[in-house]
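First the structure, in the form of structure tokens, and then the observations on it.
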2 protein chains.
Amino acid sequence: MSTTTGVERKPLRADAQRNYDKIVETARAMFRERGADASLDEIAKRAGVGPGTLYRHFPTREALIDAVMRDWADRINADSDEAAASELPPREALSGWFSKFVENVGIYHGAAAKVMAAMDDPASPIYRKCQILVGANQKVLDSVRDKGALRDGVDAREVMRIVSGIATVVDQSGIGADDAEPMLAIVLDGILVDPSD
Amino acid sequence: MSTTTGVERKPLRADAQRNYDKIVETARAMFRERGADASLDEIAKRAGVGPGTLYRHFPTREALIDAVMRDWADRINADSDEAAASELPPREALSGWFSKFVENVGIYHGAAAKVMAAMDDPASPIYRKCQILVGANQKVLDSVRDKGALRDGVDAREVMRIVSGIATVVDQSGIGADDAEPMLAIVLDGILVDPSD
DNA sequence: TGCTAAGCGGAGACTGTCTCCGCTACTGTA
DNA sequence: TACAGTAGCGGAGACAGTCTCCGCTTAGCA
């Protein structure tokens, strides 16, 4: 299966490719360590390149985040395929999907907020990735709808916004990841025809 | 009715009080104009004071935001009293309350995110204001619960988090304020016993 | 009117973002 | 293998924002 990243880039010179990779790898570590607002110059320094090099490859912070999250979209897609094909009762299937989503979107501190903000901003470098999310969610919701378990008028986009909002709340306020569950439960109650099944 | 701000401060010298007021007034304008991330030095300059003066009165940005939102908590409290006493069907009463809440929390661009983050952070200067919000929301939900319209196990705190999450989504992504409604509708469906009434 | 401390404010240290441009060294060609 | 041309490097430094320190000013009191 082909990667979901799209956009072919013309081949870089060997040393440039090396730097590119080193920067992404370093950024991944720094983001994990200090959140998505880690200093870019610091990342460049740790990666052993000048700031100019970093900014040439990644004109904005979002662009770097996008690169760091390359495999991420594939993982989410896989999750959504699994959820859509699931034989579990609708509520369980959806609940699992939402939980995984919140978890995935919150990989780095501050990441959820960026994703949330980019969801409706076509100018953002992460927009395409968000579209993948929206598509994945649509797929899962459609599978639930096919079983007649979804209320009429529930729009996948709205659901996506709420869930990413919840992911942001969980990430920004100090509460634990477990605290997402009761909030997601409310959403489930709100979109399922018979919340008990 | 007494103000909700609490904490008596020892009287300032006349010139200090003048500066304090000027800063708050200027900040309010700047926040409205440029969002809650407006430059503090710039606010000081426009207010005609040195940065030192601003930082003495307001050691952190949150503290300034807190001062700017002084009347805000009173307004929200009034809204909640009205909603709690309302004769409207539960759904309408709640819906109105949520909408006003989202609107109030989103006064300045970026404010919703700050409120959301402070909601569970007792160290934040805005924490006390958030407690007021939580209390106000509790009051409204209790009134609905008294009418038997609320599902069992619905926790006011969770609801507050979701709604502030929605407020943040609306504020951060470029979507219009109207787009909050369908999201709030899902929450209403999720917490009311019989969503139709 | 003069004393005293509360309060002022601006110079400047510090951190982070981002650019410009002279230099380096990779790659394709002969 | 040597060379030319250019893709790419990287660091100095401009710029913006935060925040502090401390010598000076002035309000408030006796």
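Below, read A as the first sequence line, B as the second, and so on, with proteins coming before strands; counting in each chain starts at 1.
- Mapping heavy-atom proximity under 4.0 Å, the span of DNA chain D touched by chain A runs 5' to 3' from D:dA7 to D:dA12.
- No donor-acceptor pair closer than 3.5 Å links the side chain of A:Ser124 to the backbone N or O of A:Asp121.
- For the pair B:Ile23 CD1 and C:dC8 C1', the computed distance is 11 Å after rounding to whole Å.
- Here A:Pro59 lies out of heavy-atom contact (under 4.0 Å) with every strand.
- Comparing B:Arg34 and A:Thr53 along DNA chain D, the residue whose closest nucleotide (by nearest heavy atom) sits nearer the 5' end is A:Thr53.
- In this structure, CG of B:Leu12 is placed 10 Å from C1' of C:dA6, rounded to the nearest angstrom.
- Look at A:Glu25 and A:Arg46 and you find no salt bridge, because none of the NZ, NE, NH1 or NH2 atoms lies under 4.0 Å from a carboxylate O.
- Residue A:Asp41 is in base contact, counting any heavy-atom pair closer than 4.0 Å across all strands shown.
- In this structure, A:Thr168 contributes its side chain and A:Ser164 its backbone to a donor-acceptor pair below 3.5 Å.
- Nearest to the side chain of B:Arg13, among C:dC26, C:dC8, C:dA6, sits C:dA6.
- With hydrogens and angles ignored, the 3.5 Å screen pairs no side-chain donor or acceptor of A:Asp120 with any backbone N or O of B:Ile175.
- The stretch residues 107-116 of chain A has no heavy atom under 4.0 Å from DNA chain C, so no residue of it qualifies as close.
- If you check every strand for non-hydrogen atoms under 4.0 Å, A:Arg61 touches sugar and phosphate atoms only.
- Under a 4.0 Å N-O distance rule, the pair A:Asp142/A:Arg145 qualifies as a salt bridge.
- Remark: side-chain polar atoms of B:Arg151 are paired, donor with acceptor, to backbone N or O of B:Leu192 under 3.5 angstrom.
- For B:Asn19 and C:dG7, the shortest distance from a side-chain N or O to OP1 or OP2 is not below 4.0 Å.
- Atom CZ in A:Phe58 sits about 17 Å away from atom C1' in C:dT17, given to the nearest Å.
- Contacts of A:Ser39 with the nucleic acid, taken as non-hydrogen atoms under 4.0 Å apart, involve only primed sugar atoms and P, OP1 or OP2.
- The existence of a salt bridge linking A:Arg157 and B:Asp179 is excluded, since no basic side-chain nitrogen approaches an acidic carboxylate oxygen closer than 4.0 Å.
- Straight-line distance from the CG atom of B:Asp15 to the P atom of C:dT4: 20 Å, rounded to whole Å.
- Put simply, CZ on A:Arg56 is 16 Å from C1' on C:dT17, counting in whole angstrom units.
- B:Asp37 has its CG atom 17 Å from the P atom of C:dG16, to the nearest Å.
- Within the 3.5 Å criterion, the main-chain N or O of A:Lys100 finds a donor-acceptor partner in the side chain of A:Asn104.
- If you take CD of A:Glu42 and P of C:dC14, they are 17 Å apart, rounded to a whole angstrom.
- No option in A:Val49, A:Leu54, A:Asp21, A:Ile43 other than A:Ile43 meets the side-chain contact (heavy atoms from CB on, under 4.5 Å) test with A:Thr26.
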